[in-house]
Amino acid sequence: MSLHGDYETDNIFARILRGEMPCVKVYEDDNILSFMDMFPQSEGHTLVIPKAPSRNLLETNAKDIGRLFGSVQRIAKAVEIALKPDGIVITQFNGAPAGQTVFHTHVHIIPRYTGLGLGAHGGAGTMADIDALTVLAGKITAAL
Ligand code: 5GP
């Protein structure tokens, strides 16, 4: 799949945005939605997506990028307060060869804890327990 092309409206995140699939929500406003990653690479792995459709950052307009990363910073700060990680990785993949598996622009907020490894990227890990994700999301939301 090339870096440029048609936006596929059936991708998982588009379906979450339309309410056709559930998510464990952290934050939502007119422009962005944030929710817990279902196959977390670490405890508290959170996703932030723009509501406007685009496949990747190269195809996202600058205004949406500004809003997206403003929200990423705000949510990352809440993750720090809520979960007290020792570090936070913020990643963003563009195109399948780069590791992108869901083709709606998104940013990963991945807390890191000293001594703990990182799970597999891209849905290759273990599916999280929804109740546990809900508790984590509640803590992050409370810290926003
Ligand atoms: P990418 O590989 O495109 O950078 O990131 C896609 C992310 O979406 C992965 O971290 C993967 O675990 C996550 N993911 C895949 N399917 C679902 C899902 O149905 N719900 C949620 N919340 N996350 C998903």
Side-chain angles (χ1 to χ4, degrees), residues 1-83 85 87-113 116-144:
M1 193 178 272
S2 111
L3 274 172
H4 300 282
D6 292 336
Y7 176 85
E8 299 285 343
T9 55
D10 271 349
N11 74 75
I12 295 164
F13 296 168
R15 297 184 64 200
I16 287 174
L17 281 170
R18 290 196 297 269
E20 295 168 6
M21 276 186 65
C23 73
V24 179
K25 195 188 293 185
V26 170
Y27 173 76
E28 180 172 17
D29 64 24
D30 288 346
N31 301 299
I32 72 123
L33 176 67
S34 176
F35 51 94
M36 304 309 292
D37 196 295
M38 195 61 81
F39 303 88
Q41 291 185 253
S42 72
E43 184 172 87
H45 183 166
T46 304
L47 299 169
V48 188
I49 72 173
K51 287 189 172 177
S54 67
R55 290 180 5 137
N56 56 57
L57 205 70
L58 282 66
E59 298 193 335
T60 307
N61 73 52
K63 201 170 175 183
D64 285 332
I65 291 174
R67 289 170 171 150
L68 175 66
F69 276 88
S71 296
V72 166
Q73 187 199 41
R74 185 168 167 227
I75 294 162
K77 286 180 176 179
V79 166
E80 185 194 9
I81 293 166
L83 307 182
I88 298 177
V89 177
I90 293 176
T91 52
Q92 194 280 318
F93 300 84
N94 300 284
Q100 185 175 10
T101 58
V102 177
F103 297 91
H104 178 109
T105 303
H106 55 278
V107 178
H108 299 260
I109 298 172
I110 306 174
R112 295 301 310 264
Y113 306 92
L116 293 182
L118 204 57
H121 166 80
T126 309
M127 190 186 288
D129 175 74
I130 298 294
D131 290 342
L133 285 189
T134 303
V135 170
L136 289 166
K139 287 182 184 175
I140 299 167
T141 303
L144 278 167

- The side chain to side chain contact (heavy atoms under 4.5 Å, CB included) partners of V135 (sequence neighbours excluded) come to K139
- Ring centers of F39, H45 separated by less than 6.0 Å: no
Without swapping roles, check the side chain of [X] against the backbone of [Y] for a donor-acceptor pair under 3.5 Å.
X	Y	answer
S42	P111	yes
Y27	S71	no
D37	H108	no
N94	L57	yes
N56	E59	yes
T46	F35	no
S34	L47	yes
Q100	L3	no
K77	A143	no
T60	S54	no

With rounding to the nearest 0.5 Å, note down the distance linking [atom1] in [X] to [atom2] in [Y].
X	Y	atom1	atom2	value
L68	Q92	CG	CD	8.0 Å
I49	I12	CD1	CD1	11.0 Å
T141	L136	OG1	CG	10.5 Å
I88	I109	CD1	CD1	7.5 Å
N11	H104	CG	NE2	7.0 Å

Indicate every side-chain donor-acceptor pair of residues 117-130 with a distance under 3.5 Å to a residue at least two apart or in another chain.
| unit_1 | atom_1 | unit_2 | atom_2 | d |
| --- | --- | --- | --- | --- |
| H121 | ND1 | Q41 | OE1 | 3.3 |
| H121 | NE2 | G99 | O | 2.8 |
| D129 | OD2 | D131 | N | 3.3 |
| D129 | OD2 | A132 | N | 2.9 |

- Can you find a pair of side-chain heavy atoms, one from D30 and one from K51, that are under 4.5 Å apart? no
- Message: For M36 and I140: C-alpha separation, side-chain torsions, deciding distance, then whether side-chain contact (heavy atoms from CB on, under 4.5 Å) applies.
- Response: CA-CA 10 Å; M36 304 309 292; I140 299 167; 4.1 Å; yes
- Can you name the nearest heavy-atom pair linking A96 to F103, along with the distance? N-CE2, 3.9 Å
- Message: If you compare all heavy atoms of L83 against all heavy atoms of G44, which two are closest, and at what distance to 0.1 Å?
- Response: CD1-CA, 3.5 Å
I'd like a table of donor-acceptor pairs (distance under 3.5 Å, sequence neighbours excluded) in which one partner is a side-chain atom from residues 15-25, with atom names and distances.
| unit_1 | atom_1 | unit_2 | atom_2 | d |
| --- | --- | --- | --- | --- |
| R18 | NE | E20 | OE2 | 2.8 |
| R18 | NH1 | T9 | O | 2.8 |
| R18 | NH2 | T9 | O | 2.9 |
| R18 | NH2 | E20 | OE1 | 3.2 |
| K25 | NZ | E28 | OE1 | 2.5 |

